[in-house]
Undergrad: 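If you scroll down you'll find the structure; I have some questions about it.
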Amino acid sequence: MNVISFLIGMTAVVSGICVVGLRNPLFSAFALVVNLLAVAGLYASLDAHFLAVSQVVVYAGAIMVLVLFVLMLLNLKSESGRRLGFVRCATALVVGCMVVMSALPPILAHFSGMSSSTVSDNMMSSVGTVQAIGRELYTKYVAQFELASLVLLIGIVGAVMLAKRKNVELAPRPGGLVGGSK
Amino acid sequence: MNAIASFAPILVLSVGSLGYLLGGRAIENVRASALFAVSLIAIAVWCTLGLSDTAAAAGFGIVVNSGTRILAVVTCIAGLVSIVATSGSLEGEKVAMLSEYYYLMLTSLCGALIMVFAADFLTLFIGVEVASLALYCLCAARVDERRSSEASMKYFLLGCFSSGFLLYGIALWYGATGSLALSAGGTVAVNAPIVALSFLMILVGVAFKIGLAPFHFWVPDVYQGAPTSVTTFMSCVVKVAAVATLVRVLASSFGFTELWTVGPLWILSVLAMTVGNLAALQQRSIKRMLAYSSVAQAGYMMIGLVVAGSAAEAIGATLYYVIVYCAMTIGAFAVLSAIGPDADSIDDLKGLGKRSPFLAVCMTLFFLALAGLPPSLAGLMGKVYLFSSALSAEFFGLAIIAALNSALACAYYFRVPVAILSTRDDIGEPLRVPVQATLAIGLCAVAVVVFGALPENLLVIVRDAAQSLVVR
Amino acid sequence: MVAAWPPLSSVIIVPALVALLAMGPWFARERDTNGRLCRIWALLGCLTTLVLLMSIAGAGLSNPQSFLRVEESLPWIPSWGVSFHLTLDGISFVFALLTCVITFAVIGWSSKPAAAGPAWYALLLLGQSAVTGAFLATDLVLFYVLYELMLIPVLVAMVLWGGVRRMQAALKFLLYTMFGSVFMFIAILYLGWQGVQTMQQHSGMSSFGFEIATLSSMPRLALNEQILLCLCFLVAFGVKIPAVPLHGWLADTYREAPYGMAAFTAALLGKVGLYGVIRFVVPLFPDALAVFGPYIAAVGAVGVVYGGVIALTQREIRSLLAYSSLSHLGFCILGIAAMSQMSVTGAVFQAVSHGLVTAALFLLFGTIIEREGASDFESLGGLAAKLPVTAFFLMIFSLAAVALPLTSSFVGEFLILMGSWTNYPQWTVVAMAGVVVGAVYTLTAYLKTMFGPASDTVPLRRSDISGGDLVVMSALALAVVGLGLIPSRVLSVVEPAVTLQIETRGPSGSAKGSQAGQRRGVEDDAQPSLSSVAAQTVSMPVNRDAAMEYVLDH
Amino acid sequence: MQSSQGLLTLLVLIPALGSALTYGIGRRLPALSGFIATLAVVAAFGCTVSLWRGIGVGAESVTVSLGSWLSFGSFSLPLELYFDRLSAVMCLVITGIGSLIHLYATGYMAHDPSRPRFFAYLNLFVAAMLILVLGKSLPVVFIGWEGVGLCSYLLIGFWYSNRDYASAGRKAFVMNRIGDVGFLVAMAILLQYCGTLDVVNLNTPQMLAKLPADMGLIAGLMLFFAATGKSAQLPLFTWLPDAMAGPTPVSALIHAATMVTAGIYLMGRMHGVLEFDPAVPATIMWVALATAALAATVALVQNDIKKVLAYSTVSQLGFMFVAVGAGCYGVALFHVVTHAFFKACLFLSAGSVIHGCHHEQDMQRMGGLAAKMPLTCVSYGVATLAIAGIAPFAGYFSKHAIFESIHEISNPYLTAQLPLIGFIATSVAVCTALYMGRSFILTFLGSYRGSEHPHEAPLVMTAPVFVLAALSVVGGLLLHHSLPTYVTGPLPPTALHEAAPGILGYLIGSVPGIVGIGLAVWLYLIAPSLTKTIRKFAWPFEKLFSGKYFIDELYDRAIIAPVAAISRIVSRTINQTVVEGSGGAIGVVTSAVGELTCRVTTGQVATYVLIMFGAIAVLLRLFV
Amino acid sequence: MSSVLTYVGLSMVLFVIGAVGVCLRRNAIVVFMCIEMMLNAVNLAFVAFSKLHGNLDGQVAVFFVMVIAAAESAIGLAIILSVFRNIESVETTDAGQLKW
């Protein structure tokens with residue numbers, strides 16, 4: 001891991017903390033975009049170029065745009081009302097630390113025993129080109145690939161079903177233009 | 001060719017359900033939609049029964065053996081019966097769009113089948129997501145109902161959170177073995193801590209779907225908030241599929257004997273039955289009560305998996321109990337939905353004996369079965385099977401806690417038959433139960449009685465299934 | 001081996017069938033306005049059962065040289081080693097007979113809950129079916145199923161037609177019973193698992209591991225094991241009987257249940273507990289019983305006094321009856337604990353007698369309560385002048401309750417006291433003190449209701465006993481007095497079965513006994529009846545001496 | 001032989017059937033009920049006489065088996081009746097005096113609407129009493145034992161609309177029940193060690209040899225304890241005075257002549273067991289003396305004529321037990337018989353008085369009745385002399401025999417105290433004469449103090465009284481040679497002393513009676529003012545006596561109240577709080593925990609997630 | 001190889017940050033974003049392991065996760081919108097009618 005990767009990683013962490021910490025949802029969303037881009041950078045540094053590109057396009061592009069759209073649509077301000085209790089924050093942080101502390105050592109321990117030669121051998125061949133991944137997708141994982149279409153279709157149908165309303169005559173809410181978003 | 005053929009049930013459901021999207025007005029009424037769904041599921045069942053076993057390695061992410069076949073059939077039939085049973089009350093529930101509703105229902109069922117058949121973790125995860133995503137939407141099917149969308153949101157957020165853990169577990173499994181296949185355990189020492197970590201993460205995801213405490217919090221809220229028809233469907237289909245997943249994951253990847261499989265399962269099982277029963281004691285809403293009860297019942301089911309390392313029979317016990325549970329729960333929810341879209345409080349059941357003796361008798365049978373009391377022996381026999389396998393594996397503490405819990409459970413199960421038997425002033429007119437509901441409820445009632453009174457055939461099937469599931 | 005016809009299961013099936021038919025539309029209120037047809041139908045069903053029972057037992061009973069033992073075994077759930085195994089021997093016969101008689105009496109008693117239609121009869125018949133089944137079952141799982149099943153009609157009747165606090169009472173009853181029986185459930189499963197395992201080891205085949213014959217022929221369990229399992233069984237039966245610290249449900253249940261069902265419950269349900277102890281606990285856990293014996297005896301004797309002492313100051317009739325039951329059943333517990341031939345026979349006899357007496361008392365007092373609209377002694381009194389027939393029968397049954405000689409209870413108590421004196425003189429004396437207390441509260445109850453200046457309350461319902469009720473009461477009275485006068489007929493039916501139960505495995509933990517047990521188990525395997533697939537009804541009218549030899553040999 | 005067995009069966013059956021018939025027919029024709037009942041008892045008397053003559057001539061005893069009763073397996077307990085000399089005497093008394101009293105009752109109860117019930121009970125009593133004395137084994141005796149208790153209970157509470165009467169019945173039954181515990185324990189011991197409960201076998205030395213020393217002692221004491229219940233001895237005598245609540249014929253038959261002597265009969269029957277350990281007769285002696293003295297002193301101050309007689313009965317029963325304690329069962333039996341004569345006579349006469357005075361029982365409100373009911377006066381007077389022990393009336397002989405038997409005592413526990421025993425017995429005899437004299441004087445002499453118009457009883461009542469009076473006169477003279485020795489065989493031999501025959505002897509023997517009667521005459525007739533003086537000085541005694549030694553109060557405070565309190569405490573505290581409450585408490589705790597469990601489900605996604613996350617952390621920490 | 005493990009560690013940290021975010025945030029959309037971050041963290045782990053093992057299975061898995069995440073976001077946002085229409089808020093604290 002070189003310095004650049006390290007910096008990107010730090011960016012990812014900091015932006016992640018920002019997502020959690022910033023009170024304005026909009027800022028959180030932007031932080032998330034940064035985070036996703038940083039992760040894309042990490043993919044690239046791991047030779048998963050196709051995924052890096054996909055990440056930028058799908059996540060940082062499509063998904064985040066959708067999120068931002070909804071945020072704008074609902075015209076949300078920062079979280080109102082009282083703050084979350086200190087106890088809750090502390091508990092969450094402690095629990096988070098506990099999880100990291102109990103999960104990381106076994107992972108590290110497991111791979112520290114692995115002989116470096118095999119690993120480096122493997123490293124050579126794991127190039128995430130479009131071609132390689134495409135081959136995998138259409139041979140070994142073709143069934144899953146087809147099934148994934150099902151997921152997308154559910155996404156479409158579900159969104160349609162939820163967005164469509166029978167009683168359209170409801171008065172428009174002050175919050176925004178909801179009824180006919182379909 | 002064989003491998004593709006083994007996709008038949010999934011294909012039938014996934015492709016067939018497109019009919020709802022394409023069929024337009026032809027399928028806009030409830031009866032036609034339901035009939036179409038039923039026929040699709042029936043075909044799927046038929047296909048499932050016709051599937052031949054696949055070699056584990058050869059399939060496209062799918063494995064067919066007598067175990068998965070039975071589980072798939074159970075899932076399908078559970079879905080079928082719940083769809084039939086509740087189809088009559090859909091209009092009353094003001095479900096948003098019928099064709100989409102049925103499409104999502106069938107797709108969810110399809111996802112459950114994928115979960116059951118999955119041969120690798122990727123397929124498994126896709127199955128989980130297909131089943132869940134469809135259900136997230138279905139929960140919100142009463143779009144104008146505040147509780148419905150609230151339930152949906154909770155389910156969605158919590159579900160995604162837990163599937164994050166599931167996914168991380170899968171990632172760790174991949175990290176440990178270098179493969180996504182379920183049964184790639186040969187390349188790694190199974191008792192490595194990373195595998196334990198992986199299992200725990202996966203367990204969290206699956207336990208959430210099963211509704212084991214302390215991952216059960218969505219269960220009461222969602223069961224109560226979702227339309228009764230959806231609750232009926234998900235209470236059985238999701239649970240069967242998730243338990244099947246857990247069985248498969250344990251049997252093919254992690255084994256039943258490690259401390260880190262037995263221990264967490266023991267804790268979750270005990271917590272689920274205790275928390276479920278204790279919380280159910282306080283409920284006035286039948287749907288919430290049934291929700292907590294299903295948490296407790298899930299706890300019982302886990303007994304079989306906890307002890308499977310020492311008693312090979314035990315998985316059969318879990319399967320038997322899952323089947324019985326489906327019959328009991330579908331029946332109970334179906335009766336509830338037959339009473340009315342907003343029937344929820346226990347007081348709504350008062351006078352049921354007068355309004356519809358048939359429903360009253362069936363409901364009583366279901367609740368007696370849930371409580372493990374005769375004459376609907378299925379519940380009792382399920383417990384016989386589970387507890388005796390626990391005892392034969394020398395898990396005495398577990399068996400005793402479970403037994404005490406099942407006694408405690410009588411306290412709240414008892415309230416429903418009591419309400420049915422008692423009367424109030426304004427019991428309302430006699431209920432007109434739709435034919436399809438009558439059929440489905442009757443079927444459940446028969447199942448509850450017959451599976452208990454003459455369990456031998458089912459036992460043979462279940463034992464066979466258990467054996468084929470355990471063979472790695 | 002003579003195949004008996006009709007099969008034993010008909011005794012269980014017929015009442016259930018009749019019950020289901022009684023719920024049919026032909027007994028709807030519009031057509032059968034008074035429910036008279038339905039009652040006749042139910043009575044016929046009951047009578048048929050009685051006839052069936054007698055005809056099955058006939059062969060064994062008619063021959064004085066033989067003793068009664070009829071078996072029927074069907075494979076039920078072979079993969080768990082569970083069979084549908086019924087045995088009619090002396091003990092189960094008298095209890096089954098009692099069940100028939102009590103059901104008959106309660107059905108025949110003209111007064112029933114106001115709103116009850118055919119469901120009343122159906123529930124009673126279902127109850128009869130379950131209780132009879134429990135008395136006949138010798139497979140533990142089958143027994144457990146029926147044991148739980150018999151709860152249902154009682155609960156339903158309570159919830160439908162009970163008193164004001166019926167819900168709480170029913171829940172209490174249910175929970176007490178369930179918390180008792182889950183322990184037995186666990187113990188049964190544990191035993192069954194052991195049984196199946198042992199049978200597989202011995203014979204290499206999966207056999208009926210839950211059958212009492214199989215289980216009692218297993219090599220003995222370790223003492224610790226026995227003690228734990230025995231405790232589980234005893235807790236369950238102790239709740240049901242009820243034995244002293246476990247009787248929390250008793251008063252509420254009897255108070256809130258419709259009194260016909262209270263009669264049924266008091267007369268029969270507890271007897272299943274006693275029966276269970278004799279049938280299952282005695283042969284299964286001989287060593288544990290040897291350890292527990294003094295404590296059980298203490299529970300029984302203390303129960304006699306405890307129930308009696310509490311009954312002394314009860315102001316409510318049904319509470320008094322409840323605690324008097326507690327007291328009377330204490331004798332039975334003591335008798336069983338003493339484990340002598342005489343005391344156990346006496347306990348069975350006392351159980352039967354208590355069933356008859358308590359059912360009659362519940363019916364009589366229930367009618368009085370219904371008639372006067374009050375159930376506390378303060379507002380009753382002087383009824384003897386107004387209800388001479390009731391007073392007469394009440395006197396007979398009160399006297400039977402205080403175990404006056406020439407009533408059935410005397411025979412039971414006498415045998416129990418004489419039989420347990422040898423083993424537990426101290427507890428026997430305590431129980432004898434209970435005899436005195438029993439006289440006090442029973443006569444007080446009679447005094448406060450029947451004697452004294454005639455109150456001028458207006459009767460709410462019809463007055464004195466007449467018609468069919470007279471027949472019912474006379475029959476019960478005749479039974480009570482008849483059993484007191486000529487108990488030998490019944491005793492000689494019960495005794496061989498009791499002896500068989502007690503002596504199947506001697507209470508000592510000697511090696512000899514366990515060898516005999518093993519030997520017996522092996523030989524049992526050879527009997528085709530255990531493994532036969534088809535339905536097989538076996539009747540064994542064995543010569544008496546031969547039977548004893550059989551016991552000793554095996 | 002065959003015929004005598006039949007007769008024996010009939011003897012029991014006739015009164016039993018009579019009872020049923022009386023009630024059955026009597027409900028339609030109440031007038032007939034007394035007649036039928038009397039007829040039944042007379043028939044029984046006939047049977048008895050014929051049987052008695054039979055055993056005199058031929059066999060020593062008659063046994064008849066009415067079938068097996070409690071038989072199963074190796075245990076056998078047939079329902080057998082056994083008629084020997086002892087039974088014969090008892091039966092003769094029961095049926096003989098019973099006939100007379102039945103006859104009397106037809107007059108006494110002539111106007112009671114529930115006559116049939118009364119006579120049915122009375123007949124039933126006779127049947128039970130016959131079973132008691134005829135039973136061949138202890139359980140059969142016990143049938144009769146309990147049967148007479150039952151009838152006593154029913155008859156005391158005959159006028160049940162008065163709750164006090166009914167309570168008195170209950171008291172009698174319960175007191176007897178307490179004694180029954182002794183009976184049961186004794187049976188249990190005897191059955192365990194001797195293996196039989198046959199009354200004839202049990203007294204044989206072989207059987208007695210099987211008894212361990214301590215168990216033999218306990219069995220004897222327990223049998224006596226049983227007898228104290230039935231025969232109203234300390235500590236269980238308090239029911240008998242209360243039992244006077246019943247109709248007077250009942251008091252005469254049951255609570256004077258027959259039932260209360262069942263204890264004596266039992267002692268006689270089981271003499272072998274009693275004498276197994278000399279401590280038992282010694283105990284009996286002291287208890288009997290104490291009872292006799294206590295009852296006699298109480299009787300001194302009673303104003304209710306029946307109460308006087310009741311305490312007198314207790315006292316006389318004490319005398320009988322003195323004889324038992326002395327080992328002279330024959331003598332005891334002799335006193336049973338004479339006592340039956342004169343006490344029945346006294347009761348029936350008192351009944352006539354009560355009947356004549358329109359149910360007035362208080363002697364303070366009587367007096368001068370000699371003129372108004374002379375016949376009754378005569379019979380009462382004769383019987384008073386008899387009970388006072390004045391020769392040649394019946395009581396003299398039996399009492400005298402008892403005094404004689406005291407001299408014969410060879411019991412090691414008693415020989416030292418013989419003078420004391422003699423003194424107490426004599427004092428009691430004086431007392432007896434005193435209180436009987438007092439009652440006679442207060443009732444029949446002086447002037448009438450009541451407000452009613454007393455009248456003489458009808459013939460149907462006076463006739464039996466006179467028969468009894470006659471028996472009280474000559475009974476002793478006729479029987480004093482024969483009876484005590486007649487029963488030797490069933491009973492151990494009684495050494496009879498022809499003590500002080502002739503007039504002189506009679507006079508000396510009558511001294512206590514004469515003194516007592518003289519005192520009575522002096523105190524109540526000649527110098528009534530003296531009583532007041534005595535009262536002034538002896539008020540503590542009077543208080544003690546009229547308070548009946550406060551034994552009832554003692555029982556109330558020491559036994560009944562504590563038991564009731566215990567009952568209440570157990571019922572409220574232990575039963576409701578601990579036993580039933582523990583269930584409730586578990587329920588409350590469980591539902592509280594359930595409530596907590598529910599409260600965790602706050603409906604807030606954030607909470608759910610946090611808990612899930614926490615659970616994951618814990619799981620990871622535990623298992624990785 | 002140690003570098004690849006650093007990625008795994010990073011992914012774990014990111015995952016936990018996301019999870020903590022889910023615990024702490026009340027705005028449903030932000031919660032959803034945190035969940036997306038968790039999925040991303042898993043993806044990172046997949047890629048790292050893929051690199052480690054030298055096969056492409058992990059990367060394929062990431063591809064599928066992306067697909068699913070996309071569908072999830074469509075449905076999730078639709079659900080959140082539906083909630084907003086009913087209670088005019090997207091704060092999870094306001095969606096607390098179903099409880100106990």
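Numbers restart at 1 for each chain; the letters A, B, ... are given by sequence-line order, proteins then strands.
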Undergrad: Looking only at heavy atoms, which two atoms of C/Leu189 and B/Lys383 are closest? And how far apart?
TA: CD1-O, 4.3 Å

Undergrad: Heavy atoms only: give me the nearest B/Cys410-C/Leu175 pair and the separation to one decimal.
TA: CB-CD2, 4.2 Å

Undergrad: Quick check for you: to the nearest 0.5 Å, what is the distance between B/Leu421 atom CG and C/Met158 atom CE?
TA: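 Going from CG on B/Leu421 over to CE on C/Met158, the span is 12.5 Å.
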
Undergrad: Please report the closest heavy-atom contact between C/Ser79 and B/Leu459, naming both atoms and the distance.
TA: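 Scanning both residues, the minimum pair turns out to be OG-CD1, 3.4 Å.
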
Undergrad: What's the separation between atom CZ in C/Phe183 and atom CG in B/Leu404, rounded to the nearest 0.5 Å?
TA: 4.5 Å

Undergrad: Between B/Leu380, B/Thr364, B/Val460, which residue shows the highest count of heavy-atom pairs closer than 4.5 Å to chain C?
TA: B/Leu380

Undergrad: Can you tell me how far the CD1 atom of C/Ile77 sits from the CG atom of B/Asn457, to the nearest 0.5 Å?
TA: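 Separation between the atoms: 11.5 Å.
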
Undergrad: So which part of B/Arg463 gets closer than 4.5 Å to some heavy atom of chain C, the side chain, the backbone, both or neither?
TA: side chain

Undergrad: Looking only at non-hydrogen atoms, find the nearest pair between C/Val182 and B/Ser406 and report the distance.
TA: CG1-OG, 4.0 Å

Undergrad: Relative to chain B, which segment of C/Ala170 carries a heavy atom at a distance below 4.5 Å: side chain, backbone, both, or neither?
TA: both

Undergrad: Considering non-hydrogen atoms only, spot the tightest contact between B/Met381 and C/Trp80 and give its length.
TA: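 So the two residues come closest at O-CH2, 3.3 Å.
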
Undergrad: What distance separates C/Ile186 CD1 from B/Leu391 CG, expressed to the nearest 0.5 Å?
TA: 5.0 Å

Undergrad: Tell me, side chain or backbone of B/Leu408 under 4.5 Å from chain C's heavy atoms, or both, or neither?
TA: both

Undergrad: Strictly distance-based, threshold 3.5 Å: is any side-chain N or O of C/Trp76 a donor or acceptor partner for the main-chain N or O of B/Ala453?
TA: yes

Undergrad: For B/Phe396, is it the side chain, the backbone, both, or neither that has a heavy atom closer than 4.5 Å to a heavy atom of chain C?
TA: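 Interface part for B/Phe396: side chain.
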
Undergrad: Which region of B/Leu373, side chain (C-beta onward) or backbone (N, CA, C, O), has a non-hydrogen atom less than 4.5 Å from a non-hydrogen atom of chain C, or is it both or neither?
TA: side chain

Undergrad: Out of C/Ile188, C/Val141, C/Leu171, return the one with the most heavy atom pairs under 4.5 angstrom to chain B.
TA: C/Leu171

Undergrad: So do B/Val384 and C/Phe185 actually touch side chain to side chain, heavy atoms under 4.5 Å?
TA: yes

Undergrad: When you compare the side chain of C/Trp193 with that of B/Glu394, does any pair of heavy atoms fall below 4.5 Å?
TA: yes

Undergrad: Output the distance between atom OH (C/Tyr190) and atom OG (B/Ser392), rounded to the nearest 0.5 Å.
TA: 10.5 Å

Undergrad: CZ of B/Phe414 to CE of C/Met167: how many Å apart, nearest 0.5 Å?
TA: 7.5 Å

Undergrad: Measure distances from B/Leu377 to the heavy atoms of chain C and classify the residue's part below 4.5 Å as side chain, backbone, both or neither.
TA: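 Looking at B/Leu377, just its side chain touches chain C.
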
Undergrad: Name the region of B/Pro375, side chain, backbone, both or neither, that has any atom closer than 4.5 Å to a heavy atom of chain C.
TA: both

Undergrad: Using side-chain heavy atoms (C-beta onward) and a distance below 4.5 Å, is C/Pro75 in contact with B/Glu456?
TA: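 Answer no - side chains too far apart.
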
